[in-house]
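Convention: sequence-line order gives letters A, B, ...; per-chain numbering from 1. Side-chain atoms are counted along with the backbone in the values below, which use heavy atoms only and exclude waters and symmetry mates.
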Amino acid sequence: MAVVADKPAVWCKGVVKTYGKGDAAVRALRGVDLEVHRGELLMLVGPSGCGKTTLISVIAGVLDRDGGECSVLGEDFRALGPAGTTRFRAKNVGFVFQAFNLIPTLTIADNVSVPLLINGVRRQEAHRAACEMLEKVGLGARTGELPNRLSGGQQQRVAIARALVHGPRLLVCDEPTSALDHATGGKVMELLAGVAKQGGLSLVVVTHDARIFEFADRIAEMDDGRIVRLSAGQSHKHAAAAPQQGAK
Amino acid sequence: MIRLALRMLLGDTSKLFGIVMGVTLASLVITQQGSIFVGIMSRTYAVVSDMGAPDIWVMDPKVQYIDDVKPLQDTELFRVRGVEGVAWAAPLYKGLTRARLEDGTFQNCVILGLEDSTLTGGPPRMLEGKVSDLRRADAVIVDQIGATTRFARRDADGRSTPLRVGDEMELNDRRAVVVGISGNTRSFQSQPLIYTTYSRATAFVPKERKLLSFVLVTAGEGVDPASLCRRISMETGLAAYTREEFKGKTVRYFLENTGIPINFGIAVGLGFFVGTVITGFMFFNFTMDNLRYFGTLKAMGAPGGRLLSMVVVQAVWVALVGYGMGVGLAALMGQLSKGSPLAFHMPWQLLVVSGLATLIISLTAAVVSMHKVLSLEPAAVFKG
């Protein structure tokens, strides 16, 4: 996948994050330098506890860094403040979680409309937009169903629709395929990569799943709170993937 | 987001049932026990309520409540009649006596002696006979509850026959003939009530130097009863209260000098406490189960205030439904107990208090949960 703009979507320099204090302190990030370009799909890989989740939390603005510099889509969260960061997240960041985190008592259309409702869009309009997005991920016929009636792959497609419905510029995915079998995971990644390519948004994907590395533009390998290696991915293989080819 | 909050709540039927039941239970106990308490308290001034005519009750200043009779000299009646603004004033005798029934059994009862000429202060309604029948020789009117319970005759086979018009009894060795049955409010003491004339009442009871219990006063047209009370007190040195003031004084006496408020207070307090604990626990559990989703919403950019409003909406919904069910059940119980000796009175003020208590219970439960939602780190959603 080609880089679509010069200015990086995410720019981190010497980012430090420590949990706890004194003897119990754990340094999760020990000076991370990273750039994610616009339209790029970057995968963060590495062993458990190496700081991947902490890094995407800092990048997504859900966790404060202790030191270093970090700018996301040209904004520094420290300058925005907590309320500004919350507003920024609502408008610009989409989330895909390992366990989908779909609200089980809401229909999938209602689940998908949540980011729009958070942004103050009227219910009917949000519902219409959610149905359109579900159509794009191949679930247009099932908008009224509850999440637990869907397979894992379908639920993750709903989660992707929810992450994209409000037109974010950055998508943060935490282990999006770890709860899925290989074939389904591959299709979910095809969908994500296709969306990123079409919409020009940047994706940061945390994963342990080596089977999906082929979808990455670049792979950042982390260890002990640092990025130890940055390599090119093999995304050109899937350049033609389209959103409608989602998993069953 | 409000709709979303309600869908989250209504979607989990089993938890919703538990939470609503907790609030319903609390609301039921608070309203039902409160209604019984109010019912019992309103019985303490049943005689005052039933005596509709007078605006003002005049009595010895040391009287603390309706049953605490401190007799006055008969001449006090004329002094009260002389106060400007008094339209009329009538004597009332109220005392305890012992009735000997036809089968030889004795029964304590309350006797009310009404002014001979006007019969002012008579029963609120007559079920049999007329109030004016009291002018007949040895005539008395008995309240229906007394006639069907304490005054009822027991046959050998255990069946009871109520006292009827025409039956006789002895009051202090003097013959009394029942000429009417009255419908009265059940009293706190539950003793049968006997109406007769003032002169006959004073003959039925042992002789005392002073026999006048109360002076019943009606204010003249355009005269404010409260200011007339002050004038009567000032000019006669007696205590004068409007009907509502006397009721209030009677209730206060019972509140301050009996264990009734404590006993009911404990029951109501327990209802409140149990309701709060159950609801709080269930609501907290519900929020904990949904914490992941609240975290997801928070990560997606929902501000803390929006999440709080969701929790509050859920709590208020639970409060409204639980309150409605609790009050409905309490009202049903009250309806079913109609005609029984159970004291049950549900005024709107009690419904307001019970509604506020229910809301406090639900909001307390919500506050505990809110703390969890507010302190939730949005990054926690990435931890699975």
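No more than 12 heavy atoms of other residues, nucleotides or ligands lie within 6.0 Å of NE2 in B:H371, so this atom counts as exposed by the packing criterion. Other residues, nucleotides and ligands contribute at most 12 non-hydrogen atoms within 6.0 Å of the CZ atom of A:R87. Counting heavy-atom neighbours within 6.0 Å of B:I262 CD1, excluding the residue itself, gives a total of 12 or less. With a 6.0 Å radius and a threshold of 12 heavy atoms from other residues, nucleotides or ligands, A:R78 has its CZ atom above the threshold. Heavy atoms from other residues, nucleotides or ligands lying under 6.0 Å from CG of B:D289 number more than 12.
Among all heavy-atom pairs drawn from A:A99 and B:R292, the shortest one is CB-NH1, 3.4 Å. Nearest approach of B:A299 to A:F95, heavy atoms of both residues: O-CE1, 3.0 Å.
A:R89 places a side-chain N or O within donor-acceptor distance of the main-chain N or O of B:K298, the cut-off being under 3.5 Å.
Only the side chain of B:R306 comes within less than 4.5 Å of a heavy atom in chain A; its backbone stays farther off. Proximity to chain A involves both the backbone and the side chain of B:L297, based on heavy atoms less than 4.5 angstrom apart.
Across A:T85, A:L102, A:T105, the residue that shares the most heavy-atom pairs under 4.5 angstrom with chain B is A:T105.
The structure places CE of B:M300 at 8.0 Å from NE2 of A:H166, a figure rounded to the nearest 0.5 Å. Between the CG atom in A:D110 and the CZ atom in B:R3 there is a gap of 5.0 Å [rounded to 0.5 Å]. To the nearest 0.5 Å, the span separating CZ on B:F294 from CG on A:N101 amounts to 13.5 Å.
With contacts defined as side-chain heavy-atom distances shorter than 4.5 Å, the pair B:L4/A:I103 qualifies.
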